[in-house]
Amino acid sequence: MTGLTGVTGRRGLKGLPGLTGFPGLSGFLLRRLLGALVTLLALSVIIYGVFYAVPGDVAQITCGPRCSPAQVQQVAEQLRLADPLYVRYWDFLQGLFVGHDYSTGTGTEHCAAPCLGLSYQSDQQVTTLIWAKLPVTASLALGAMVMWLILGVGTGVLSAWRRGRVSERVLTALTLAGTATPVFVIGLLLMILVCGTLQWLPFPQYVAFGDDPTQWAWNLLLPWLSLALIEAAKYARLTRSSMLETLADDHVRTFRAYGVGERSIIGRHALRGAVAPVIALTANDVGSMFGGALLTETLFGLPGVGRELVHAVKTVDLPVVVGMVLVTGFFVVLANAVADVLYAVADRRVVLS
C-alpha cells in the first residue's frame, strides 16, 4: 500500500481532483493553449496576407459595376485600401483582442472583440454573420459524426472479427465502394430515392433545434446519412486495420492462451487499442466540418458556413472569407487538442508531453 500511495502522489496532479493517473495533463493543456494561440496567429498572418494581397479592384467590386469613379473612390477610402497592408493587419489584430470602431457615414458602430471586421456586401459584423450560420454547420457535423462513428467503427470491428469469411469480404467491398463515391452522388441518390420515389422523408429544410427538436432531427436525417455513409467507409477501413494489428499483439495471444473469450478480447482489449487512431481522425474531420461541409450544405440547401463562404468568395467579400477561414482553423486546433487528451485516455501507454 505504501508503494502504491507513493506512485499516486508522484503521478497525480495537485489541485486537480479527478485527474490523477494522467501525469502532466495541466502542463499539457497549457502548452496546447499557447500552441493554439501561436498557430492561429500565424494562420491569421498567412490568410490576411494571401487574401488582401490578391490583385483586383476591391473597391470597384464592393461598390458594384454601376458606380461612378467618385463613388468607387469613396468606398476605397471607407475600406482604407490605400493604407499599407501591415497597417490594416495591425488594425485587424487589435479588433480581435479589443474590438474596433467603424464609421457608418452617419455615426460610429462598435464591433466587440473578437471583431473580424464588417462585411463588404452587407455591412454586417462578420462575427455576427458566422454565429448565425454556425449552428447549422454544427448540427450537420455533430449529427453526422455520431452516425459515421456508429456505422464505421461497428463495421470495422465486425469485419476484423469475421476475417477471412464471406461477410468480411462483402463488408470490405462496401467500404471500398463508399470511399470511392463522392458525397454529392450519395446525397443526390438518397434525395431522389428517399424524398422523391419513396417519400419517406421531406426535402431538407433547416429547423432550429430550439424551435422544434423533432423537426430539426427529421430534416437533417438525410444530410447526416449522406455524410455518414461516405465517412463511415473510411472509419471502417481504419478500424479494421487497427483491430487486426492489435489482435496480433503478444498480450492478446496471452489472453487467448489463458482461455479468455474472443468477444471479451475484442470488446475490452483490442477495441480500446484500435480506437486511438479513430479519435485522431475524428478530430480532424469534425474540426474541418465546422468550417463548412460545403458540398452537403449546397446540395441540401442548408444555410450553413459552407454556403456563406462560397457566396463570400464569389462576391470577393474578403472580411467574411478571412473570418470564416480563421474560425475553421480555430475549430481544427481545438478538436486536435481535445483528441490528444482523449487519445491518452483511450491508450494509457501514451505519455502527454
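Between Ser226 and Phe300, the shortest heavy-atom contact is OG-CZ, 3.4 Å. When all heavy atoms of Asp101 and His110 are compared, the closest pair comes out as OD1-ND1, 2.7 Å. Contact between Val157 and Met243 at its shortest, heavy atoms only, is CG1-CE, 4.3 Å. The two residues Leu151 and Ala232 come nearest to each other via the heavy atoms CB-CB, 3.8 Å. Contact record, Pro303 with Val136: O-CG2, 3.6 Å, taken as the closest heavy-atom pair. Closest of all the heavy-atom pairs between Glu308 and Val320 is CG-CG1, 4.5 Å.
Once rounded to the nearest 0.5 Å, the distance linking CG of Leu129 with NE2 of His311 reads 9.0 Å. With rounding to the nearest 0.5 Å, the separation of CG in Leu281 from OG1 in Thr239 is 9.0 Å. Rounded to the nearest 0.5 angstrom, Cys115 SG and His100 NE2 are separated by 7.0 Å. The distance from the CD atom of Gln121 to the CG atom of Asp317 is 5.0 Å, given to the nearest 0.5 Å. Of the inter-residue distances, the one linking Leu225 atom CG with Leu220 atom CG reads 12.0 Å to the nearest 0.5 angstrom. Remark: Phe92 CZ to Phe97 CZ distance equals 10.0 Å, nearest 0.5 Å.
When hydrophobic clusters are built by joining Ile, Leu, Val, Met, Phe, Trp and Tyr residues whose side-chain heavy atoms come closer than 4.5 Å, directly or via intermediates, Val313 is grouped together with Leu326. Linking Ile, Leu, Val, Met, Phe, Trp and Tyr residues whenever their side-chain heavy atoms come within less than 4.5 Å places Val146 and Trp218 in a single cluster. Leu93 and Met324 end up in the same hydrophobic cluster when Ile, Leu, Val, Met, Phe, Trp and Tyr side chains are linked at under 4.5 Å. Val332 and Val321 fall into different hydrophobic clusters, where Ile, Leu, Val, Met, Phe, Trp and Tyr are joined by side-chain heavy atoms under 4.5 Å apart, directly or via other members. No single ILVMFWY cluster, assembled from side-chain heavy atoms under 4.5 Å apart, contains both Ile47 and Val87.
Gln125 places no side-chain N or O within donor-acceptor distance of the main-chain N or O of Leu118, the cut-off being under 3.5 Å. A donor-acceptor pair under 3.5 Å is formed between the side chain of Ser139 and the backbone N or O of Pro135. Remark: the backbone N or O of Asn219 is not paired with any side-chain donor or acceptor of Gln205 at under 3.5 angstrom. Side chain of Asp211 to backbone of Val207: no donor-acceptor contact under 3.5 angstrom is found. Proximity of a side-chain donor or acceptor of Tyr235 to a complementary backbone N or O of Ala228 within less than 3.5 Å is not detected. A donor-acceptor pair under 3.5 Å links the side-chain atoms of Arg307 to the main chain of Gly301, judged by distance alone. A distance-only check finds no donor-acceptor pair linking the side chain of Thr137 to the backbone of Gly304 [under 3.5 Å]. In this structure, Ser159 contributes its side chain and Gly156 its backbone to no donor-acceptor pair below 3.5 Å.
The neighbour count for Gln124 CD, taken as heavy atoms of other residues, nucleotides or ligands under 6.0 Å away, is above 12. Counting non-hydrogen atoms of other residues, nucleotides and ligands closer than 6.0 Å to CD of Gln94 gives a total above 12.
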Exercise for review: Go through the steps to decide whether Val327 and Leu116 satisfy the test side-chain contact (heavy atoms from CB on, under 4.5 Å), and finish with yes or no.
Suggested key: CA-CA 10 Å; Val327 169; Leu116 295 170; 4.2 Å; yes

Review point. Yes or no on side-chain contact (heavy atoms from CB on, under 4.5 Å) for Trp148 and Val153, after CA distance, side-chain angles and deciding distance?
Key: CA-CA 8 Å; Trp148 82 52; Val153 174; over 6 Å; no

Practice item. List the steps, then state whether side-chain contact (heavy atoms from CB on, under 4.5 Å) holds for Met145 with Asp285. Key: CA-CA 9 Å; Met145 179 196 71; Asp285 288 344; over 6 Å; no

Review point. Should Ile186 and Leu227 be marked as a side-chain contact (heavy atoms from CB on, under 4.5 Å) after you check the CA-CA gap, both sets of side-chain angles, and the distance that decides it?
Key: CA-CA 8 Å; Ile186 292 288; Leu227 272 176; over 6 Å; no

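In terms of the side chain to side chain contact (heavy atoms under 4.5 Å, CB included) criterion, residue partners of Pro213 (sequence neighbours excluded) are, by chain and number, Phe209.
Residues Trp224 and Trp216 place their aromatic rings such that the two centres sit under 6.0 Å apart.
Counting heavy atoms from C-beta outward, Ser119 and Pro319 have side chains that stay 4.5 Å or more apart.
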For residues 190-197, which side-chain donor-acceptor pairs fall under 3.5 Å, sequence neighbours excluded?
from, atom 1, to, atom 2, distance (Å)
Thr197, OG1, Ile192, O, 3.4

